[in-house]
Amino acid sequence: MINIRFFAFLRERLGTDTLDYEFTDEKTVSDIKKKLIARGEPWTLLAEQDVLIAVNQTLTSESSLVSDGDEIAFFPPVTGG
């Protein structure tokens, strides 16, 4: 099982802050992201928006490898002013 967390507008638009994802044959964050997007609306938001990704609380890229028990977080870029 992989715990997926969503923050800020992603949480609001998807209507959830966490998702328990059954780990099967996915190798990378990109594999999981593609399967989420394939669910259709509103999950296509993950493809339409710039989002940052963390695996086990470390900022990473979509090519990052994942393992059963990992935590993946999707969140918007942080801006300040």
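This chain uses plain numbering: 1 for the first residue, then up along the sequence.
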Locate the shortest heavy-atom distance separating Asp50 from Pro77; write the atom from each residue and the value.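 In terms of heavy atoms, the two residues are closest at O-CD, 3.3 Å.
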Classify the angle between the aromatic ring planes of Phe75 and Phe7 as parallel (below 30°), tilted (30 to 60°) or perpendicular (above 60°). perpendicular
Evaluate the side-chain proximity of Leu45 to Phe9: yes if any heavy-atom separation is below 4.5 Å, no if none is.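 Heavy-atom side-chain distance check passes, below 4.5 Å.
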Find the distance between [atom1] ([X]) and [atom2] ([Y]) and round it off to the nearest 0.5 Å.
{"X": "Ile4", "Y": "Leu10", "atom1": "CD1", "atom2": "CG", "result": "12.0 Å"}
{"X": "Asp70", "Y": "Phe23", "atom1": "CG", "atom2": "CZ", "result": "8.0 Å"}
{"X": "Ser61", "Y": "Ile53", "atom1": "OG", "atom2": "CD1", "result": "7.0 Å"}

Considering residues at least two apart in sequence or located in another chain, which fulfil the side-chain contact (heavy atoms from CB on, under 4.5 Å) criterion with Leu65?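 For Leu65, the residues satisfying side-chain contact (heavy atoms from CB on, under 4.5 Å) (neighbours in sequence not counted) are Thr28.
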Could you tell me whether the side chain of Asp31 and the main chain of Lys27 form a donor-acceptor pair under 3.5 Å?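 Yes; judged by distance alone, with no hydrogens or angles, the pair exists.
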Side-chain donor-acceptor pairs of residues 13-20 under 3.5 Å, sequence neighbours excluded:
residue : atom : partner : partner atom : Å
Thr16   : OG1  : Thr18   : N            : 3.4
Thr16   : OG1  : Thr18   : O            : 2.8
Asp20   : OD1  : Asn3    : ND2          : 3.2

So for atom CD, which belongs to Gln57, do other residues, nucleotides or ligands contribute more than 12 heavy atoms lying within a distance under 6.0 Å? no
Give the table of side-chain donor-acceptor pairs shorter than 3.5 Å for residues 32-40, with sequence neighbours excluded, one pair per line with atom names and distance.
residue : atom : partner : partner atom : Å
Lys33   : NZ   : Leu46   : O            : 3.3
Lys33   : NZ   : Glu62   : OE2          : 2.6
Lys35   : NZ   : Asp25   : OD1          : 3.3
Lys35   : NZ   : Glu26   : OE2          : 3.2

